[in-house]
Amino acid sequence: LLCIEPTFPGRLGGVADWLVTHRGYHCWFYAAHIEPRERWPASIDRGLDVIQFSVGGVARQPTVRWQQQLERGLCYAYGCWEVLDKRRPAPLDLVLGRSAGLGSSLFAPVVQPRIPLVNFCDYYIRPRTGDLTAEIGPGAPPAYYQWRRAANAMDLLDLENGVHAWTPTAWQRSQYPDEYQQEFLVLPDGIDPLPCTERPVRNRQFAGRTIPDGMRVISFVASSLDRLRGFDRFVALCADLLRQRRDMICIAVGDPLVQHPLDTEFYQQDYARQLLERTPLADSERFWMPGQVPRSALAQLFALSDLHVYPSRPYPVSRSLLEAMSAGCVVLAADEAPVHEVLTHGETGLLLPADATEAWVSSANAVLDDPISHRPLGESAAQSIREKFSRDACLPLLADKFSQLASDEAHCNWTSRAAEGR
Amino acid sequence: MHVLMIHQAFPAQFGRLALELQRRYGWKCTFLVESLSNCPSPAPEMLTELELHPLQLPPEFREQPLTPWPRSFGRSLTLCEAVYNGVQSLPDCRPDLVVAHGPDGMPLLFLPELLECPLVSYCEYYFAREHCDLSYRVDLPPVEPAEFFPRTINAIALVNLAAGIQGYSPTRWQRDSFPARFHPRIEVHFDGIDTELYQRRSGPRRIAGRDIPDEMQIVTFVARGLESMRGFDIFMRVAQRVARERPNVLFAVAGSDRTFYGWDQISVGTPHFKQWVLDHGDFDLSRFLFLGHIEPTELAALLSLSDVHLYLTVPFVLSWSLFNALSCGCVVIGSDVAPVREVIEPGVNGLVEPLFDIDRLTEATLKVLDDPAEFAPLAAAGRRTIEERYSLEVAIPELKDYFERMANRARPKE
């Protein structure tokens with residue numbers, strides 16, 4: 001298997017690791033950026049080899065004009081091609097790429113024209129709906145919408161590159177143009193579930209701080225504390241709750257610098273600081289922001305959390321939501337289409353319309369007042385994630401698809417989720 | 001009915017069409033154009049009867065005629081921005097339909113932000129990944145972009161089509177160059193050939209001021225640019241062989257020295273492919289008339305004198321010159337590629353031979369020259385083909401009907 005993604009381990013690292021560990025694959029992972037060693041999967045150098053490629057041209061610039069976005073991606077694709085062409089990894093049965101807007105796998109067929117290519121597709125940007133359009137759109141300059149209309153060029157080139165398209169959820173597929181939707185395999189890539197342990201009530205600590213006995217914990221986790229994942233909504237909820245309750249600590253985990261370029265207003269800015277300056281909290285000592293934390297600390301947080309809040313705007317569900325559910329958290333989430341595939345209201349969590357501010361407060365209070373009676377929601381969530389969204393549940397089917405592609409691409413029913421030839 | 005037509009150059013595909021729509025049906029056609037073309041040049045009545053507004057492009061846009069392939073999409077977006085700004089500068093312009101095309105790709109992408117009317121793109125061509133268009137001339141030195149260009153150049157077409165824009169192509173083969181998933185949204189409607197202008201006419205046998213004796217036979221070759229995509233080098237090799245065999249043949253070549261498509265400059269390492277070809281062959285140039293770019297009336301006169309017309313394109317967008325030659329009653333020998341076969345049925349309204357087979361092309365040319373009467377029925381059938389399928393008389397009503405249907409369609413929801 002040849003995996004290509006701008007960053008290792010990125011999204012495909014976990015998939016590659018599972019295939020190496022559980023199916024005996026050998027995997028070359030080509031990436032331009034390598035994350036710190038503590039994020040590497042276990043199979044590294046034990047069947048999973050990472051090869052770094054460099055990028056040139058505008059890809060070396062920290063930011064580019066939106067009109068150069070595709071050019072930037074093509075620099076990644078070309079950089080990958082250069083190293084591939086030199087090394088020519090063999091024997092090779094399959095290429096698995098994820099462009100993440102940067103198109104690294106686009107030129108893989110130049111080197112390996114007859115090897116099946118699978119592309120993991122994340123998100124198709126619609127010009128006027130989804131993600132932050134409702135927040136940024138009104139009053140946005142024409143360039144905002146022009147950028148959104150041009151932003152999918154790399155995804156479209158990938159889709160026309162003879163790939164087998166793969167996306168984790170039906171909602172993500174539904175964002176792509178109608179002409180492409182039937183060609184997608186919809187299958188979650190799965191997560192490595194966190195342990196759903198007994199929830200401690202005493203001697204609780206997080207990020208070096210002690211949580212007093214009797215204190216409730218309300219949590220929020222995102223890669224960065226931004227509007228895309230609804231950090232502003234979390235702060236608004238906490239502001240009300242902190243005024244009403246003295247028995248509660250709010251913990252928001254994530255990079256304070258906005259990482260997602262979809263938030264064109266606050267990208268690379270400390271949005272959390274700006275927001276909290278505008279939103280004074282009744283007791284800011286009870287609002288913790290430890291920054292990004294390692295996975296072990298995340299597991300610790302989820303074990304402490306009485307209520308996990310997921311107020312994301314319409315955008316692919318975050319891995320943190322799945323991990324929180326896997327750890328048995330009671331989740332209160334914004335009632336947006338992407339969440340429906342993961343969470344059922346009243347069974348595996350709670351859903352409320354994003355703008356129903358009072359209902360959010362009363363729902364949160366209900367959970368915090370009586371965590372024990374809400375535990376079944378968390379336990380069902382943990383079971384649901386293990387059954388439907390764990391790697392062990394999802395990736396065997398993917399591995400079967402890969403085997404079929406590698407042995408007889410023409411006869412692989414790529415889009416079917418029925419188990420075949422197992 | 002008010003149609004806003006957008007193209008960098010005028011009149012290109014739209015000038016004559018707009019004139020006909022205005023004159024025949026009383027429509028209003030407004031143009032947003034950057035420059036006046038010389039291939040063909042606008043007829044005086046186009047400039048007086050049609051409403052033209054300027055399309056302002058940044059100076060750097062013009063300064064980069066050969067854009068590196070990774071920057072092509074950015075260049076197209078610059079054009080889309082210019083079109084957006086151009087339409088915005090016409091606040092009173094409320095068209096029922098917008099029809100657009102451009103050499104740098106479909107320029108409609110941002111117009112849904114400004115206009116509510118349906119948008120139609122002229123879907124001229126979608127580049128193939130291999131064995132076609134730019135990658136067909138495997139006989140020439142390879143160039144670095146050959147592997148990468150086709151995987152990237154269609155980005156602007158894809159973002160337009162994926163946004164739900166409707167389109168039409170002039171030929172079925174050109175429509176079929178687009179991914180099949182988009183075919184239902186692309187109809188086939190040809191631009192229309194002026195069969196009044198392009199018809200075989202009697203007149204003085206004179207080309208570029210030179211009198212042509214009655215016994216002299218004329219072989220014609222016409223292309224916008226004398227370049228490899230249109231087989232100029234192959235034509236010269238065929239002509240060289242024919243010249244050796246027949247002393248009474250003159251070769252008349254119309255087209256500029258520029259390369260408009262492909263990478264001839266990179267491939268052969270000189271600015272002008274024509275000169276590179278001439279430098280690499282033993283040609284008796286006294287047998288050739290290089291006319292450069294010529295205007296439609298001159299072209300019609302030239303084609304009227306043609307005994308054989310060679311059209312040696314690679315699989316690519318069909319040239320108007322092929323239709324013009326057929327309309328002028330030429331016996332056309334085309335390259336045996338799919339787009340040519342859409343128009344020429346071998347042995348019925350013309351001939352085709354494999355592009356790279358110099359022997360067969362030479363032999364076919366000699367046969368036609370030797371016995372014009374035998375091949376006259378082909379020429380007559382070629383003229384009928386144009387009259388029946390590609391003439392303005394056929395094309396304009398079809399396009400009118402198509403535009404009306406499109407104007408009445410709701411734009412897809414975004």
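- In terms of non-hydrogen atom pairs under 4.5 Å with chain B, the most contact-rich of A:Gln69, A:Arg65, A:Gln67, A:Gln182 is A:Gln67.
- Contacts of B:Leu158 with chain A are made by both backbone and side-chain atoms, with heavy-atom separations under 4.5 Å.
- Per-residue counts of heavy-atom pairs under 4.5 Å with chain B were compared for A:Ala77, A:Pro109, A:Gly73; the largest is that of A:Pro109.
- Comparing B:Ser76, B:Pro179, B:Gly74, B:Pro150 by heavy-atom pairs within less than 4.5 Å of chain A, the highest count is held by B:Pro179.
- For CZ of A:Arg60, the number of neighbouring non-hydrogen atoms (other residues, nucleotides, ligands) closer than 6.0 Å is 12 at most.
- In this structure, the portions of A:Tyr180 lying under 4.5 Å from any heavy atom of chain B include both its backbone and its side chain.
- Both the backbone and the side chain of A:Arg149 come within contact range of chain B, each with at least one heavy atom under 4.5 Å from a heavy atom of that chain.
- Note that B:Arg175 lies outside the cation-pi zone of B:Tyr168, set by a 6.0 Å cut-off to the ring centre and a 45° limit from the axis.
- The choice from B:Cys80, B:Gly164, B:Pro112 that makes the most heavy-atom pairs within less than 4.5 Å of chain A is B:Pro112.
- The number of heavy atoms from other shown groups lying within 6.0 Å of CZ (B:Arg409) does not exceed 12.
- Aromatic ring centres of A:Tyr315 and A:Trp171 lie farther apart than the 6.0 Å criterion allows.
- Here A:Ala150 is the residue among A:Ala143, A:Pro127, A:Cys75, A:Ala150 with the most heavy-atom pairs under 4.5 Å with chain B.
- Looking at A:Gln68, neither its backbone nor its side chain comes within 4.5 Å of chain B, counting heavy atoms on both sides.
- Heavy atoms closer than 4.5 Å to chain B are found in the side chain of A:Glu183, but not in its backbone.
- The aromatic ring centres of A:Tyr76 and A:Tyr78 sit 6.0 Å or more apart.
- Taking the six-membered ring wherever Trp is involved, the centroid distance between the rings of A:Phe53 and A:Trp81 does not fall below 6.0 Å.
- Environment of CZ in A:Arg88: crowded, with over 12 heavy atoms of neighbouring residues, nucleotides or ligands closer than 6.0 Å.
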